[in-house]
Amino acid sequence: MNVLTIIINWINAAILAGTPLLLATNGEILTEKSGNLNLGVEGQMYMGAVTGLAAAWLTERWFGVGGIIPLIAAVVFAFLMGCISGLIYSVLTVTLRANQNVTGLTLAIFGTGFGKFFGEVLSNEAGGYVTVGAETKHVFGNINFGNLTEIPVIGTLFFRYNWLVYFSIIVAVILGWFLNKTRKGLSLRAVGESPATADSAGINVTRYKYAATTIGGGLCGLAGMYMSMVNQKGIWVTDCVSGYGWLAIALVIFSTWSPLRAIYSSIIFGGLSVMYMRVPIPGLPRDIYMMFPYIATIIVLILTSIRQIKEHAQPASTGLNYYREER
Amino acid sequence: MTDQKINNVNVQEQPKTPCPPAQDIHHQLKEPLVRMTKRGVVTTRQKVIVYVAGFILALVVGALMLLAIGKNPFFAYRDMVVGSFGTAIASAETIRIAVPLLIASVAVGFAFKMKFWNIGAEGQILAGAIFSSYIVIHSINNNNYIGRLPLHLIMVILAMVGGALFGFLPAYFKTKWETNETLFTLMLNYVAIHYVAYLQSLRSWQHPDSTYPKIVDFATFTNGKVALPRLFGVHIGWIFAIIIAVIAYFYLTKTKHGYEISVVGDSLNTARYAGMNTRWIQIRTLLISGALCGFAGYLQVAGANHTLTATTAGGVGFTAITVAWLAKLNPFVMIPIAIFIAMLQKGSLFIQSTMRIPAAAADLLTGLILFFMLGSEFFIEYKLVFRSKHHAPHIEQKEVSA
């Protein structure tokens, strides 16, 4: 294998590994744009992972069909479960005014427990371990582009992915357009920057916070489904999310709250996380490689705080609850 | 359910508002169905009622989840208590789980009181464990067995230095450039976890005959010198944990340092105007917070596990945050709560074997209880006022006629 092939294959693997990160990062960007710092992404992903797998598996079992219908069930229910988790967070922080950091961390603990709990229940139900049928596995596998796949370089770079890869990039583009080019996006950003100002301008702060956090949670749920349905190929693995939720929170900062920059930063992070398999540097142990994404985040955190670029900073009210009567 | 209970209480307490004049009817109709007002004085009884109601609701929701998977929740809850405190051995195991949890809770409590969101207890515990393991591995590899007491003293010092270092880094950058400490401490957790995985892969840290990436069992290699003595079936770390909680209470409430911490937490600007060196206060408190976590890491290595693994902290750092918050950052209250959470964890392991309920039930229940406690706080601080019937005269008239 020459160097070019290694690099091309590495990029391909990076994009595949970066896709759940991209989905979750976009979910968290949407959430944080409304001023909610939701640290529960890891838990939300676990909830989506187990729900998606359960939905696909149960659909196969109850209706005896494989393929596209279990896929739709997995997507819909994982998204809905993510939405529910976002809703729990919103009720607690927006309506009941609980501390955002603690609520998010609780969601992380709860969601992780939820995923592992029902994952094991599902495994017991299936008599050992859960696995979806070959047809369902196939629809979550790479799309068949026919001859396009065989084109040198371009085939591997662009046509050897599952549909969620393209879907997540489209979501990122739509989200970028929504935040920067639409009236509603402007209102949402206003809510995140200064809820009091937005409120006086007649924007319903509560509604925006709820909507953004709930849909953001749904995206995190989908990211979790990717972990169980694509990465683990429809088999329940107890540690299937394995810290990706925390990485997504870091990626939000790395991509400086921009859905479009999240595309390439998630690929970079995906690349860093599969680097030990693809680009072994002699003498550098695998576990040191695994630290790269986290150390990179710390460096980015420090650099952005030193440089203090206004438009690259987090929404001003992130992490703070809005009390209308204390305006 | 909580809402209604509380509202009933409040509606009774409210003085009856007189019937408004007729011309105000139009205005009154615009009043929202529910609005909230801040409570003036909250009695302890009200607080207890709200918290107990929240706790019961959490258990009810947990019971529903157990019912959903076809298990009897009453038996499950009963077995959790039996499995965690039914026998002396089980109780000892429960306390063993509670020890690092209590110390880490006290530690994050210090930082939280300053509104410094240290969620890196996990990493700080591991840092302590790594640093104190160095000296053990060093003495094993060089066949250089120093006495028991010196070994433990060096381990404790190294552990606290390691933990403090992991607390210092985010505090330094936060106070210098306002670097986000939540994510900084979070990332350090993973750096520590992967570093342990790296150490596990090192030949010099493994058992000579090992074919598996695992660090040696310290106790066998040092003739038990590393193992802490036991009292009542639990390694003596539990005594340290209680002493730490008591000292922390007095440190926070009775000393100048504690006062400074609460002022910085309430308002950084006030602290500055008062001439406090807020930067040093934050760094100092994080050094203490990190050092305490490091000490918990030492106890895990020397007392509980006698080795170092990537799960030496095992989620304690995250659970500690919930303990600290449930205790309202009061170190005394953390003692029973840490024991309670440890009971959930030990009890879950028990019902896993007796009832085939997944052990993750512990995390599920911990999360649920904290969700409801977080929600309860709202009902302690605020009360809901429903659109009063007295504002609508025609309804009142009906009541009169009836």
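Quantities reported herein were computed from a predicted structural model and do not represent experimental measurements. Chain A is the first sequence line, chain B the second, and so forth, proteins listed ahead of strands; every chain is numbered from 1.
Proximity of the aromatic rings of A:Tyr210 and A:Tyr89 is defined here by a centroid distance below 6.0 angstrom, and this criterion is not met. Ring pair B:Tyr195/B:Tyr198: centre-to-centre distance below 6.0 Å.
Heavy-atom distances place the side chain of B:Gln352, and not its backbone, under 4.5 Å from chain A. If you measure heavy-atom distances from B:Ile69 to chain A, the contacts under 4.5 Å come from the side chain alone. With a threshold of 4.5 angstrom between heavy atoms, B:Phe318 approaches chain A through its backbone and through its side chain. Residue contact with chain B, scored on non-hydrogen atoms closer than 4.5 Å, involves the backbone and the side chain of A:Leu301 alike. Proximity to chain A involves both the backbone and the side chain of B:Leu374, based on heavy atoms less than 4.5 angstrom apart. Contacts of B:Leu183 with chain A are made by both backbone and side-chain atoms, with heavy-atom separations under 4.5 Å. In this structure, no portion of B:Ile369 lies under 4.5 Å from any heavy atom of chain A. Heavy-atom distances place no part of A:Phe292 under 4.5 Å from chain B, backbone and side chain included. Residue A:Ile302 touches chain B through both its backbone and its side chain, counting heavy-atom pairs closer than 4.5 Å.
Ranking A:Ile295, A:Thr238, A:Ile288 against chain B, the residue ahead of the rest is A:Ile288, based on heavy-atom pairs under 4.5 Å. Chosen from B:Ile119, B:Thr322, B:Asp363, the residue pairing most often with chain A at heavy-atom distances under 4.5 Å is B:Asp363. When each of A:Thr93, A:Asn124, A:Thr112, A:Thr95 is checked for heavy-atom pairs under 4.5 Å with chain B, A:Asn124 comes out on top. Interface check for chain B: of the options A:Leu107, A:Leu247, A:Leu37, the most heavy-atom pairs under 4.5 Å are formed by A:Leu107. In terms of heavy-atom pairs under 4.5 angstrom with chain A, the leader among B:Phe184, B:Phe173, B:Phe112, B:Trp325 is B:Trp325.
The shortest side-chain heavy-atom distance between B:Met355 and B:Phe350 does not fall under the 4.5 Å cut-off. A 4.5 Å side-chain heavy-atom check between A:Glu28 and A:Leu251 finds every atom pair outside the cut-off.
Residues A:Asp199 and A:Tyr322 bring a donor and an acceptor atom of their side chains to less than 3.5 Å of each other.
A perpendicular orientation is assigned to the rings of B:Trp177 and B:Tyr172, their planes being inclined by more than 60° (bins at 30° and 60°). Using the six-membered ring where Trp is involved, A:Phe254 and A:Phe269 have ring planes that are perpendicular, over 60° apart on the 30 and 60° scheme.
Looking at residues two or more places apart in sequence or on another chain, you find a side-chain contact (heavy atoms from CB on, under 4.5 Å) between B:Lys47 and B:Val42, B:Ile380.
Salt-bridge check for B:Arg356 with A:Glu120: failed, with every basic side-chain N at 4.0 Å or more from each acidic carboxylate O.
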